[in-house]
> 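This is the structure I want to talk about, given as C-alpha cells.
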Amino acid sequence: MNHIIKLSFFVLLLSGCSQQAENEKEVPASDQSITIEIKAVNEDVIPIGEQTIAIVGATLIDGHGGEPVENATVIVRNGEIWKAGQSDSIEVPQDAGVLEAEGLTLMPGLIDAHFHLGNQALPTHFLRNGVTSVRDPGAWIESYANVRASGEPTPRLFLTGPHLDMFPPAYPKNSSIVRDEIEARGQVKKFVAQGASAIKVYFRIPPEIMQAICEEAHQHGIPAVAHLEITSATDAIHAGIDGIEHVTSFGIDMLPYRDAERYRQAVLADNNARRNGRYEVWNSIDLNSSQADSLIQLIVENQTVVSPTLGIFEYQLEGENTDSVKAKGFEKMMAFVGKAKAAGALVVVGSHAIVPYSDFGWAYQREMELLIESGLSNAEVIQAATMENARFLRIEDRLGSIEAGKQADLILVRGNPYEDIQAMYQIEKVMLNGSWVPPLEEEIRD
C-alpha cells in the first residue's frame, strides 16, 4: 500500500513539474518584463510647492497650439494646476498668493528632447531659462550623480543610459557595446532597471539588432530613439524606432546608392569622416527627388518623431567661415525639416545643450529660432517645445500643457512669443512642481 502511495505521489510530482516547465515555455522572457511608469530620475526629490498660487492677468498659451487666451488666471495647488482659464470665469481662493502677470505670457515649461551634460552647471542654467524637463539621449545615468547631489535646482532629468553601439564605438565613454540580439535585450533591461526612460541606439547597430532593442524597449513601455547617419532611416523605421535624433540621420536615404555606400564606408573607417562628410552629403541631396518624398511619406505614416537638433550643425558664412559647401548643406538640412513638417511629420525641439551660435544656457532658444527659419510657425514651434515633446517622452498625462490636474511646471515670459520668438529670451519667472525657481544672483547672470 505504501508503495502505491509513493508511486502516485511521484507521478503527481512529475506531472506538476512538466506542467510548470510547459508554462515557462509559453511565456518568453521578454514578456515577463514589467511595464514601468516613465519618471525623471530626480522625480522624488523635486520639492512640491505647498502654497496656493494665483497667476492673474497673463496671456495664456496652453501648449496645444491654439490661440492664446487673453487675461487668463491659473491657480496652482500642491504642485498641480488646479484651474486655468479666463479670469472672469475663475474665482481666486482667499488663501492664494496672487501674482499680477499683466503684460506677461504664461506657458508650460519647455521640454528638451535632446540635452547633453557638457557642463555640470548647464541643467540649472537651462531650468532658469525656462527648460523644466530634459532628456539626455546618450550618457551613463551615473554621469548625473554630481548634478543630483549639488543642491542646485535642476530640471526633471529623463535619462536613457549610454548609447547602445557596436565595436568600435563612436564615443567610447558614452557607449555600451552590444554584439548580438541577446546582449542588446540584456542591456535594455539593465538600463530600464536603473531608471532609463528611453533607449538610444547609435549608428553602428544594424537593423536586425535595432529591431530587438526596439521590441525590448517597447516591452517595458519606453521609446527607442536613434542617431543613424550611416544606417538607413527607412530600415530603422521599419525596425520600430520611435524617434530619430539629428537631421543628418536622414541623409543617406536621399543619396544615390553608390554615393551612400561611399559615405558609409568612410565613416566606418574613421568616425571623423562625418565632420565634413555630412555637409557634403547634404549639399548633394535633391530635396525634390522621389527618394526624399518617399522618405518623408514613411516618416509621416509611421509617426516617427523627428528631433532635428539643427543648432549643432549650424554654419554661417562669416569671418573665417568661408566653406560654401557647409553653408549650402546646412540650408538643405533646414529645408528638409520644413518640408517634413509641412507634410505632417512630428517635429520636436532638442537643443544639444551647447551649440556654435548660442550663448551658454540658451541653445534651446536658438533651436526654436532655427525651426522657425526652417518654415515652422511660432505656434508650431511652441507646441513642439511643450505638448509634442511631452508626447515624445510619453509624459503627456502630467506635463506639456496647462490644464487642470497636470504638474505645475510653468514659465512666464515678457512679451508674446506667438508674435516674436525673441520673447523666449525674456524669461521672467520659472515654476517647477508648483514652486518658483530662485533666480541667479545678478553678478552670475551677467
Side-chain angles (χ1 to χ4, degrees), residues 36 38-46 110-129 131-178 183-184 186-205 213 216-217 220 222-227 243 245-246 271 307 309 311-312 348-355 358 360-364 367 389 392-395 432 437:
I36 63 167
I38 291 180
K39 294 175 61 177
V41 295
N42 59 339
E43 190 81 31
D44 295 336
V45 299
I46 298 174
L110 305 174
I111 299 171
D112 192 342
H114 195 111
F115 176 90
H116 289 304
L117 189 61
N119 182 293
Q120 294 288 320
L122 263 177
T124 298
H125 278 265
F126 265 56
L127 175 60
R128 288 183 168 124
N129 291 340
V131 181
T132 54
S133 293
V134 301
R135 178 162 73 190
D136 188 327
W140 292 89
I141 292 173
E142 294 90 338
S143 299
Y144 280 79
N146 290 339
V147 173
R148 296 165 67 182
S150 68
E152 291 291 324
T154 57
R156 299 181 194 274
L157 302 173
F158 295 92
L159 308 180
T160 68
H163 315 124
L164 299 189
D165 205 355
M166 298 193 82
F167 188 82
Y171 295 102
K173 291 183 180 180
N174 287 324
S175 297
S176 183
I177 300 299
V178 299
E183 280 193 342
Q187 297 275 25
V188 173
K189 291 175 182 177
K190 286 178 183 177
F191 294 124
V192 168
Q194 274 194 294
S197 54
I199 297 296
K200 169 77 170 293
V201 180
Y202 225 64
F203 59 72
R204 289 178 186 266
I205 297 286
I213 292 168
E216 194 63 42
H220 292 274
I222 64 175
V225 302
H227 177 168
E245 309 292 315
H246 308 305
N271 282 320
S307 179
T309 67
I312 194 61
V348 296
V349 186
S351 73
H352 211 275
I354 296 177
V355 297
S358 168
F360 185 83
W362 293 102
Y364 194 94
E367 185 70 16
N389 253 341
F392 186 29
L393 271 63
R394 300 187 184 176
I395 53 175
L432 183 67
V437 176

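The chain is numbered in sequence order, starting from 1. Worth saying up front: this structure is predicted, and the values here are computed from it rather than measured.
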> Of the non-hydrogen atoms in Ala363 and Ala353, which two are nearest, and what is the gap between them?
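Here Ala363 and Ala353 meet closest at CB-O, 3.4 Å.
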
> For residues Met166 and Glu183, determine if any side-chain heavy atom of one lies less than 4.5 Å from a side-chain heavy atom of the other.
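They are not in contact (no side-chain heavy atoms under 4.5 Å apart), so the answer is no.
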
> Would you call Thr154 and Asn42 a side-chain contact if the rule is heavy atoms closer than 4.5 Å?
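Sidechains of Asn42 and Thr154: in contact.
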
> Does a side-chain heavy-atom distance below 4.5 Å link Leu164 with Val188?
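A side-chain contact exists here, since the closest heavy-atom pair is under 4.5 Å.
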
> On a heavy-atom basis, which atom in Ala113 and which in Ser307 lie closest, and how many Å separate them?
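Shortest heavy-atom contact: CB-OG, 4.2 Å.
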
> Is a side-chain donor or acceptor of Asn389 paired with a backbone partner of Val348 at a separation under 3.5 angstrom?
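Not confirmed, Asn389 side chain does not pair with Val348 backbone.
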
> Let's go through Asp136 and Lys200 carefully: what are the C-alpha distance in whole Å and the side-chain angles of both, what is the deciding distance for salt bridge (Lys or Arg N to Asp or Glu O under 4.0 Å) to 0.1 Å, and is it a yes or a no?
CA-CA 9 Å; Asp136 188 327; Lys200 169 77 170 293; over 6 Å; no

> How close do His114 and Pro137 get, counting heavy atoms only, and between which atoms?
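Scanning both residues, the minimum pair turns out to be ND1-CG, 3.4 Å.
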
> Would you name the heavy atoms of Ile141 and Gln194 that are closest together and state the gap between them?
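Shortest heavy-atom separation between Ile141 and Gln194 comes out as CD1-CB, 3.7 Å.
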
> Is there side-chain contact between Tyr202 and Tyr171, with at least one heavy-atom pair below 4.5 Å?
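Side-chain contact under 4.5 Å: yes.
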
> Quick one, Ile46 with Leu432, criterion side-chain contact (heavy atoms from CB on, under 4.5 Å). Give me CA distance, side-chain angles, the key distance, then yes/no.
CA-CA 8 Å; Ile46 298 174; Leu432 183 67; 3.8 Å; yes

> Quick one: CZ on Phe191 to CD1 on Ile199, what's the gap to the nearest 0.5 Å?
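Between atom CZ of Phe191 and atom CD1 of Ile199 there are 7.0 Å.
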
> Backbone N or O of Trp140 within a donor-acceptor pair of the Ser143 side chain at under 3.5 Å?
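Yes, Ser143 side chain to Trp140 backbone: donor-acceptor pair under 3.5 Å.
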
> Which value, rounded to the nearest 0.5 Å, describes the distance between Ile177 atom CD1 and Ile205 atom CD1?
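It comes to 8.0 Å.
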
> If we only count heavy atoms from C-beta on, is the Lys173 to Pro162 side-chain gap below 4.5 Å?
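Side-chain contact under 4.5 Å: no.
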
> Do Phe158 and Arg156 have side chains that approach each other closer than 4.5 Å (heavy atoms only, starting at C-beta)?
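Result yes, sub-4.5 Å side-chain heavy-atom pair found.
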
> Which atoms form the tightest heavy-atom contact between Val41 and Leu159, and what is the distance?
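What the structure gives for the nearest pair is CG2-CD1, 3.7 Å.
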
> Rounded to the nearest 0.5 Å, how far does CG of Leu157 lie from OG of Ser133?
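It is 8.5 Å, given to the nearest 0.5 Å.
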
> Between His352 and His246, does the side-chain contact (heavy atoms from CB on, under 4.5 Å) criterion hold? Intermediate values first, please.
CA-CA 10 Å; His352 211 275; His246 308 305; 3.6 Å; yes

> Find the distance between CG (Leu393) and CD1 (Ile222) and round it off to the nearest 0.5 Å.
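Result: 11.0 Å between the selected atoms.
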
> Report yes if the distance between the aromatic ring centroids of His163 and His227 is under 6.0 Å, otherwise no.
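Centroid distance His163-His227: not below 6.0 Å, so no.
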
> Might you point out which heavy atoms bring Val147 and Pro123 nearest each other, and give the distance in Å?
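Looking at all heavy atoms of both residues, the closest pair is CG1-CG, 4.0 Å.
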
> In Å and rounded to the nearest 0.5 Å, what is the CG to CZ distance from Asn129 to Phe360?
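Here the rounded value is 9.5 Å.
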
> For Asp112 and Phe126, what are the C-alpha separation, side-chain angles and deciding distance, and is it a side-chain contact (heavy atoms from CB on, under 4.5 Å)?
CA-CA 9 Å; Asp112 192 342; Phe126 265 56; 3.4 Å; yes

> Give a yes or no answer on whether the side chain of Arg204 reaches the backbone of Pro168 with a donor-acceptor pair at less than 3.5 Å.
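A pair under 3.5 Å: yes.
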
> Below 4.5 Å, heavy atoms only, C-beta onward: do Asp165 and Ser176 meet side chain to side chain?
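Heavy-atom side-chain distance check fails, nothing below 4.5 Å.
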
> Find out whether Gln120 and Ser150 are in side-chain contact, i.e. whether some heavy atom of one side chain is under 4.5 Å from a heavy atom of the other.
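The answer is no, as the side chains (C-beta and beyond) never meet within the 4.5 Å cut-off.
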
> Do Arg135 and Phe392 meet the cation-pi criteria used here (NZ or CZ under 6.0 Å from the six-membered ring centre, within 45° of the axis)?
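Pair Arg135/Phe392 counts as cation-pi.
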
> Report the C-alpha separation of Lys39 and Asp44 in whole Å, then their side-chain angles, then the decisive distance to 0.1 Å, and conclude whether the side-chain contact (heavy atoms from CB on, under 4.5 Å) test is met.
CA-CA 9 Å; Lys39 294 175 61 177; Asp44 295 336; 3.4 Å; yes

